[in-house]
Number of protein chains: 2
Amino acid sequence: MAASSHVDRRGPSDVEQRVTEVMDLLRARGGRASGARRVILEALVSGPAHRTAEELAEQIHADHPSVHQATVYRNLERFEELGVVYHSHLGHGPAQWHLDQNPHVHLTCESCGAVTQAEQAAFGAVRTDLRDRYGFEVDMRHFALTGTCAPCRQLEANRRP
Amino acid sequence: MAASSHVDRRGPSDVEQRVTEVMDLLRARGGRASGARRVILEALVSGPAHRTAEELAEQIHADHPSVHQATVYRNLERFEELGVVYHSHLGHGPAQWHLDQNPHVHLTCESCGAVTQAEQAAFGAVRTDLRDRYGFEVDMRHFALTGTCAPCRQLEANRRP
DNA sequence: ATCTGTGCAAAAACTTTGCAGCAGT
DNA sequence: ACTGCTGCAAAGTTTTTGCACAGAT
């Protein structure tokens, strides 16, 4: 697994390798390694970390007009079943799709919309607590935590002192 | 105006009082105390605690055919601005609308869809932690926490022991 | 009288589905 | 050859919007 920190420090060979891994997994589960899937995976692996299904479909369609929107939607779902990608709801509007690497929790500011990524490690205590109190095993990735970010809290504080 | 033979224990006069409170608040902010608003508020105050906008609209429309769906949507938004109601996303699909009383955190099971309500008190530590680490003031009500509930964890454990 | 809110219908935003043919195994 | 996958178009679901008029202040 490539250990890059951010968006696109990933060389072409890394992309190919990751894509091939997933294709193999797909085949192992009785699926087919189609051209459309390759294209979608390439877009996922090499583009920005968070995109909506629509954004992905649009970008893919631009590069590969033969790949239809519906195919993107269908495959995102399929990839999610395989545990290769997942989607998060960061605020209102459509979900954002990620590769399933370096899972993190999202903090979305309801004033300005800014999204901060928090380490999952920061939530060990809640996790334990919810397991103890409710027997509930929480997965913090699916929904963001909403609230007010530091800059917006400053603004509010200044507005009514 | 059907009084509450419903889910809750609130007498008709309580309903009226709460509705009037909100109408007054509305007027104080330059709004108008319209019939449609009264009807929508009555539905909110006297019905079940969690409903989607569509469910609300449907129920209201059944009792008061003249009140249109769009009016329900518009007013839910308005009421939320006033801090009277709020909506939460408990899972996929449309949001659920609540009165802003007794705020709680939702735990949604991704296997069976069950929703558990957790006390906000249980999250004091995360709240402090996020404020310290990120300057982020979290509001846990907007999005549910997703994960696996106790019964479903049992099932999974039994399936592959 | 003024200006907000409403009913209505139409459209927008996003996603899913049915089907016939194409293509990976 | 078998069956899963895709392109396409069409419809589904949920929410938003424009407009003329009704209604609250």
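Order of the sequence lines fixes the chain letters, A, B, ..., with proteins taken first and strands second; residue numbering starts at 1 for each chain.
When the side-chain nitrogen and oxygen atoms of B:Tyr73 are compared with OP1 and OP2 of D:dT15, one or more of them lie within a distance under 4.0 Å. Remark: A:Ser34 is not in phosphate contact with C:dA23, judged by side-chain N or O atoms under 4.0 Å from OP1 or OP2.
The bend of the helix from C:dA1-D:dT25 to C:dT25-D:dA1, defined by the angle between the axes of its first five and last five pairs, stands at 30° to the nearest 10°.
With no hydrogens or angles considered, no side-chain donor-acceptor pair links B:Arg141 and B:Gln120 at under 3.5 Å. Under 3.5 Å, the side chains of A:His87 and A:Glu80 contain a donor-acceptor pair of N or O atoms. No donor-acceptor contact under 3.5 angstrom links the side chains of B:Gln69 and B:His61, judged on distance only.
The side-chain tip of A:Arg131 does not point at the ring of A:Phe136 from less than 6.0 angstrom away and within 45° of straight on.
Across residues 20-33 of chain B, B:Arg27, B:Arg32, B:Ala33 each have a non-hydrogen atom less than 4.0 Å from an atom of DNA chain D (numbered order). A heavy atom lying under 4.0 Å from DNA chain D marks the following residues of residues 82-97 of chain B, by number: B:Pro94.
When rounded to the nearest whole Å, the span between CG of A:Leu56 and P of C:dC14 equals 14 Å. Atom-to-atom, CZ of A:Arg38 to P of D:dC5 comes out at 16 Å; the value is rounded to the nearest Å. Spacing between atom CD1 of A:Ile60 and atom C1' of D:dG7 amounts to 15 Å, rounded to whole angstrom units. Rounded to whole Å, atom P of C:dG7 lies 10 Å from atom NE2 of B:His61. In this entry the distance linking CD of A:Gln69 with C1' of C:dT15 reads 8 Å, nearest Å. What separates CZ of A:Arg78 from C1' of C:dG24 is a distance of 14 Å, to the nearest Å. Note: CD (A:Glu54) to C1' (D:dT14) measures 15 Å, nearest angstrom. Rounded to whole Å, atom P of D:dT15 lies 13 Å from atom CD of B:Glu58.
Checking A:Ala70 against A:Arg37, the closest nucleotide of DNA chain D that is more toward the 5' end is the one next to A:Arg37.
Enclosure of atom CD in A:Gln117 by more than 12 non-hydrogen atoms of other residues, nucleotides or ligands within 6.0 angstrom is indicated. Within a 6.0 Å sphere centred on CD of B:Glu21, heavy atoms belonging to other residues, nucleotides or ligands number more than 12.
Contact annotation: side chain of B:Arg74 to base of C:dG7, donor-acceptor pair present below 3.5 Å.
Among the nucleotides C:dC8, D:dT15, D:dC5, the one closest to the side chain of B:His68 is C:dC8.
Salt bridge A:Arg133/A:Asp129: present, at least one basic N to carboxylate O contact under 4.0 Å. The existence of a salt bridge linking A:Arg38 and A:Glu16 is confirmed by a sub-4.0 Å separation between a basic side-chain nitrogen and an acidic carboxylate oxygen.
Rounding to the nearest 0.5 Å places CG of B:Asn75 at 11.5 Å from CG of B:Leu56.
Residue B:Thr52 is out of contact with every strand shown, counting any heavy-atom pair closer than 4.0 Å.
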Item to complete: Apply salt bridge (charged side-chain N to carboxylate O under 4.0 Å, His left out) to A:Glu81 and A:Arg78, showing your working.
Response: CA-CA 5 Å; A:Glu81 281 167 23; A:Arg78 191 83 165 85; 3.7 Å; yes

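No donor-acceptor distance shorter than 3.5 angstrom exists from the side chain of B:Thr71 to the backbone of B:Val67, with no hydrogens or angles considered.
Partner A:Ser88 forms a side-chain hydrogen bond (donor to acceptor under 3.5 Å, both in side chains) with one of A:His104, A:His50, A:His142, A:His98 and no other, that one being A:His98.
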